[in-house]
Amino acid sequence: MQLIPCPYCGPREEAEFHYGGQAHIAYPQTPQELSDFEWAQYVFFRDNPKGPFAERWHHAAGCRRWFRAVRDTATHELLAVYRQDQPRPEVVR
Amino acid sequence: MTRLASGGRIDRATDLHFTFDGVDYVGHPGDTLASALLANGVHRVAGSIKLGRPRGIMAAGVEDANALVQVDAPFPEPMVLATTLELYEGLVAHGLSGQGRLADDPDPARYDAMHAHCDVLVVGAGPAGLTAALTAARAGARVVLVDDQSEAGGSLLGIEEGHNDWVSAVVAELRANPEVRVLQRTSAFGYYDDGFVLALERRTETTTSLARQRIWRIRAQQVIFATGAHERPIVFADNDRPGIMLAGAARTYLHRYGVLPGRNVVVFTTNDSAYAAAADLAEAGAAVTLVDARDGSLVTGTTGGDHIAGVEITDTAGNVEVVECDLLLVSGGWNPTVHLYSQARGKLRYDEAVGAFLPDIDPRAVRVAGAAAGVFSLQACLAQGVAASVGALAEQGLVGSPPELPVAAGGADARPPLVLWAVAAGDNAAKFVDLQRDATVADVLQATGAGLVSVEHVKRYTTIGTAHDQGKTSGVIASGIVAEALGVDIASLGTTTFRPPYTSVSFAALAGRDRGDNFDPVRVTALHSWHVEHGALFENVGQWKRPWYYPQGDEDLDAAVLRECAATRTSVGMMDGSTLGKINVQGADAGELLDRLYTNLMSTLKVGFIRYGAMCGMDGMIIDDGTVTRVSETEFVLTTTTGNAAKILEWMEEFLQTEWPELDVSLTSVTEHWVTIPLVGPRSRDVLAAVAPDLDVSNDAFGFMTWRDATVAGVSARVCRISFSGELAYEVNVVAWDGLMVWQALYDAGQPYGLTPYGTETMHVLRAEKGYPIIGQDTDGGQTPQDLGMDWLVSKKKVDFIGKRSFARAENLRPDRKQLVGLLPVDGDVVLAEGAQLIATDDDALLPVPMLGHVTSSYRSAALGRSFALALLRSGRDRVGETLYAWNEGHVTAVTVTDSVLFDKEGARLDG
């Protein structure tokens, strides 16, 4: 049971959180102008790196706020957490 | 009797009566079942699982690969180790050949969960664990000390100079410290990230006033594993007979339990540690023959039946001598107990001198001390516990200082140990590596001969290490034999992965109180008591209990639903709709948010009006539908399907927070706030008028898809003209507190019209007759609004909304997509099975044929006087009028494809 440091609540058990997939993928400004390929890339395709990965998390059973985290997908270590309105921080492993 | 007249940590003054394999015996408090059996001269526990070879007690703790028993009384429990089962009065057990049987009856015992948080968790109350805990406690840390034995001491319990006074003093000091929790009989069985350790506490077998077992969920800032070491056997021919035992185990039986497990003893060893066992047993009166592999002598075989009778010893010159004995002690060295450390992602290295894998690189906030770290002298273990604790405390900003330590005898070994996995001589098929699995050296060589080069693959091929003991004695030996067979370095080969649980844990313990009625929360509406009183049967919808139907007399489901449907369509019915998800949406941008999420326009809805709407996912597939009520310019109430309430609230919150934080909108779940009562049928207007005399219920004053605030049965209500049946209907919403009173008032007012309460089944039939789909029943996450024939629900005015772009994807424009249609079985008495596949032929000779779709909803209809169904069908709307066939529970049934609306197509009944 990992501890996830919610930027609003502090460290809480992972069971309180929902995973929200890759972060920093904004809803397109003008979806109707995208090709089928471009739209499919937005809807269905995500990165799957081994190592640091910027993700969305939701503190569903806590403050119910969405936030972002950089997590090492190989070790599950959370390298940084940050609010929606903050840029992705530089992380040093 | 092999029980000695004195000695040991048992209470000879008290007898405990127990039965094993049908024979009555007596033991004492302090005994395990294994020690009590040995005290009564019983070595054989059971036959082995595949070969039926007699097997006995080989260890004195969790590492035993043999001594599995089934407890028969007081309550059946399978797969219990005799070496860890504390004896109690009235125990009845029998030996197991590897497979047990769960009880047929519910377990009467209670199980519970406990939570603990600490600065330092110490696992193991042996010498290293005790000094670690003592150092941490004196530094002011919050400490939890868990130990799987009935008393602290660890390896000290099994040697003559046990430093009992020192152990007692340390334990007393720890127990007196309010910041320290000492948990005996508590097995830490898993490490699960960030200092989270689960442990099983065994509390009682004989009373029901205590929870029998508790799972401790311990969150520690720092963890110290002082988990000791397991003695390693040596593999040789016929090494599996009862009476063959680990040397250290015999020492434990002697000193802790006052049992001399043999009087004519051979000791086969590769290291100095077994000499202590030999000396102790000799002092207790046994005749001892030593076979030290370092001198070139090897045990190459054994004789005997249900008990060992002799040992075949081969010397360096190849001379063979058979020595009679009743006990063969074996020591192949010691494996540090690194299971939990490894679960915590501690890195191991192979140590050639020890012949075992030792902790190497500690993970964050984890340390290991004592024999678990490969340190075997008592003095070093004591010191290392202190050192580990000081290090852990420093990370917590605390300063630890060494306590006074007892002076321990002994030190470094006189001679270095020899690493010997298996004796070369003898029949490989009789050299057992994993005794519980009956897996031998021959099996390992068959695996490597088949080309397997990974110990993980060899494990799965041979099953070595997959039994209850998870390879505690066999795992490293198997790696060693594989390494020798392949001619590779065992260090590069490594071990199989150590996974939780370290020792067996029953599901009952893991479930704790979360079983039976407490397994999952049950949600009931404010009207539940009325439904119960009126004989409703309930169905589970998510966590909700919803009335399914209200049988009268000996009605079955079909009869009750036909009656409820007929009553509703011809007069009036009502149901409990309170479980509908309800979300209050407020703010200046509330309409804008709904426009972006629903496929149709919501911002244009006028105050006082209601609109049906649907939401789609990003992929254009319908995820939910419901009504949107505009309460004011800045307030809406929307409904969701019962099962989707939480999901849709989360979906809306997600967009509000992540994509459009600039929108001024607040969302609140108000599901439980309202009791919702659909009043349905041509006489519903009369019933409502009777209880709401101030409300103008005429169609002109109160039209379809509008709402009014009104006084109903004397209390404030919001009444909505919406219909999920095609009938004239009102939905009466009142504060939950008033719900039961209003429901009763409506019921009473409806009696002149035969008002009939109906459940979810009737609701389903009524809506299906009208072709209204249920999201999640008639859809499976793969249907667009267009697939459901709801093009009219998709706004053409809006530039964008969630899902819109996906409607134009080529895949979603295919003419052969599955579309919602109605089906009429040619034989109107046949009710199709939901899920039945649709095909184009009834000719068996043509099978297999493409499946064209499937039945999603299927009922018998009172209004239609026949059965009908809804289905998702390829190119369905183009097939209306065609005859197809449903593969219906083994029979082919002809069906006619129809429009999805089967009743009152023109909608003439909506206004009454």
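Lettering follows sequence order; numbering is per chain, from 1.
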Contact summary for Q84(A) and Q657(B), nearest pair of heavy atoms: CG-O, 4.2 Å
Nearest non-hydrogen partners of Q2(A) and R219(B), listed with the distance: O-NH2, 4.2 Å
Mind checking the [atom1]-[atom2] spacing from [X] to [Y]? Nearest 0.5 Å is all I need.
X: E38(A); Y: R805(B); atom1: CD; atom2: CZ; value: 9.0 Å
X: D194(B); Y: E14(A); atom1: CG; atom2: CD; value: 8.5 Å
X: D193(B); Y: H76(A); atom1: CG; atom2: NE2; value: 7.0 Å

With a 4.5 angstrom heavy-atom cut-off, could you sort out which part of [X] is near chain A: side chain, backbone, both or neither?
X: R217(B); value: neither
X: A810(B); value: both
X: E811(B); value: neither
X: F801(B); value: backbone
X: Y192(B); value: both

Which atoms of [X] are under 4.5 Å from chain B, going by heavy atoms: the side chain, the backbone, both sets, or neither?
X: W66(A); result: both
X: R65(A); result: both
X: F44(A); result: side chain
X: I25(A); result: backbone

Top contributor to chain A interface from S806(B), G195(B), A646(B), G617(B) [non-hydrogen pairs under 4.5 Å]: S806(B)
Heavy-atom count check: over 12 atoms from other residues, nucleotides or ligands less than 6.0 Å from [X] [atom1]?
X: D520(B); atom1: CG; result: yes
X: R513(B); atom1: CZ; result: no
X: E662(B); atom1: CD; result: yes

Test item: W39(A) and M618(B) side chains (from C-beta on) under 4.5 Å apart, heavy atoms: yes
Among L3(A), T75(A), V43(A), residue most engaged with chain B (heavy-atom pairs, under 4.5 Å): L3(A)
Sole candidate of H58(A), R68(A), R56(A) that passes side chain to side chain contact (heavy atoms under 4.5 Å, CB included) when paired with T658(B): R56(A)
Side-chain donor or acceptor of R809(B) paired with backbone N/O of D36(A) under 3.5 Å: no
Side-chain donor-acceptor pair present, E650(B), H18(A), cut-off under 3.5 Å: yes
Audit row: E77(A), R364(B), salt bridge (Lys or Arg N to Asp or Glu O under 4.0 Å) steps and yes/no: CA-CA 11 Å; E77(A) 188 183 355; R364(B) 194 185 66 76; over 6 Å; no
